[in-house]
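Because the structure is predicted, anything quoted here is derived from the model rather than measured. Along the sequence shown, the residues carry numbers beginning at 1. Just so you know, ligand 1 is whichever comes first in the structure, and atom 1 is the first atom listed for that ligand.
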Amino acid sequence: MKKPWGGRFKESTDQLMERFNASIGFDKKLYAYDIQGSIAHCKMLAKCKIISVPESKKIISGLQQILGEFESGKFQCSDALEDIHMNIERRLLDIIGPVGGKLHTARSRNDQVCLDVRLYLRAEAKEILSRLHEVEKTLLAVAKDTIDFIMPGYTHLQRAQPISLSHHILAYLEMLHRDRDRISDNLKRIDIMPLGSAALAGTNFPIDRSYVAKLLNFSVVSNNSMDSVADRDFMIEFCSAASILMMHLSRFCEEIVLWSSSEFDFIELSDAFSTGSSIMPQKKNPDAAELIRGKSGRIYGNLMALLTLMKSLPMAYNKDLQEDKEPLFDTVDTVKICLDVFNGMIKTATFKKIPEKNMKSSGFLTATDLADYLVLRDVPFREAHEITGKTVAYCLDKGKNLEELKLKELSKISSKFDSKVFEYISLENSVDRKNVYGGTARNQIKKQMRRWQKILKEEK
Ligand code: ARG
């Protein structure tokens, strides 16, 4: 097949080289953006009198026909035409004849492909933001329902202090909202119009780049033609934000896996988002959570692939850059499905109230409160810590928990204890006394929930 760039070649391309060089297998995903960009470019060429209006009309109707062919699955892609850009251009020539060859005036595939991926990523980043918003709303709803669910808070995966489950959930809402901010911020750097940079130096033709930007709804036009065609940092930034997001989802999923075990028994996942075992009939496995945790690895891998791809590329365009698309597409597709599955899994899960017996029987969750009680009786905190440590050791010896001790026993350890101590170290009082901004006191949580309610409403 004759190549669009075939003029200076005497021999035809080796079949192996043709297959190796082709990106159409994956960049056909960009067809709609490529056509959208070409239509805008064509309108601009006519406006600037570089081509005539009748010519531009012919080109645009040809492009629209091609769009229809893609949408109805009729378009025949060919490896010999390398990529989405040349596949579309060749088809345009087939449909409207040689005038189709005018479309590529003042343009190179180098700026064209940048335009396509920017259009693609702008749309997909917005899509991801809206899915993230759904997840945030789900978390807020769970937080509302679970404010009275007192559970152990952990450090080192050892029981530490009692907290409200809401507080735990809202911690993830904070993380995911920062992810949202990162992607929104990234959008500013995606939303830059590169067309007009041509191969690397700009173009000889008197084009109107701002007009193209306006037609395609871009906020700004790129400032340096070499940077425009060579840079992929907007993608790396996206993959980095996606990696952080997946890291957050993965942490939560790790907890879901733990919590749904009989050892923890804090959550029951719905049948709809669980799977069974082909050998063990009793099993109900948290595969959704495990897969999200697992998929975070490939998202980090995609980020690493892009960073490594770029690290030694001389200016400006190099064919290496064709390798940017698969990691980017995979990141977008994976993040989207992970957000949807995560949302479904959380929405349909049952969070369980942890029996008080379980909370009291191990871990000495209110030991810090016991120490603080002594501090209120003027014992320096370090001493209070020591006394409480001794109390815990005493309990361990006797096989008791703190609440089961008699005042007589406590008084032997320190004369500062009195009968009010037991109320002070109740789980509920312990939670509600953390009444500092950002603390787990239910008062504070309610304040935060009101804040989130407002933020999530405003941002939709
Ligand atoms: N398929 C190519 C890519 O994805 C398009 C740009 C090709 N440019 C070139 N000078 N060969 O990067």
Quick test: of every protein heavy atom, which one is nearest to atom 1 (N) of ligand 1, and how far off is it to 0.1 Å?
Gln322 OE1, 2.7 Å
What residue and heavy atom of the protein are closest to atom 11 (N) of ligand 1, and at what distance?
Arg109 NH2, 3.4 Å
Pull out every atom of ligand 1 sitting under 4.0 Å from any heavy atom of Ser23, numbered as shown with elements.
1 (N)
Asp83 heavy atoms, cut-off 4.0 Å: which ligand 1 atoms fall inside?
1 (N), 2 (C), 5 (C)
Taking side chain to side chain donor-acceptor pair (under 3.5 Å) as the definition, give me every residue that meets it alongside Arg442, ordered by chain and number, with sequence neighbours left out.
Asp148, Asp432
Cation-aromatic face contact Arg122/Tyr33, 6.0 Å, 45 degrees:
no
Is the shortest N/O to N/O distance between Tyr317 and ligand 1 below 3.5 Å?
yes
Within 45° of the six-membered ring axis of Tyr211 and under 6.0 Å from that ring's centre, is NZ or CZ of Lys47 located there?
yes
Candidate list Phe329, Tyr31, Phe234, test ring pair (Phe, Tyr, Trp, His ring centres under 6.0 Å), partner Tyr120, passing option:
Phe329
Indicate the ring-plane relationship of Phe252 and His168, choosing parallel, tilted or perpendicular according to the 30° and 60° boundaries.
tilted
Between Lys325 and ligand 1, which residue portion shows a heavy-atom distance shorter than 4.0 Å: side chain, backbone, both, or neither?
side chain
Atom 9 (C) of ligand 1: which of Val117, Asn110, Val113 has the nearest heavy atom?
Asn110
Would you please name every residue forming a side chain to side chain donor-acceptor pair (under 3.5 Å) with Asp185, sequence neighbours left out?
Lys188, Arg189
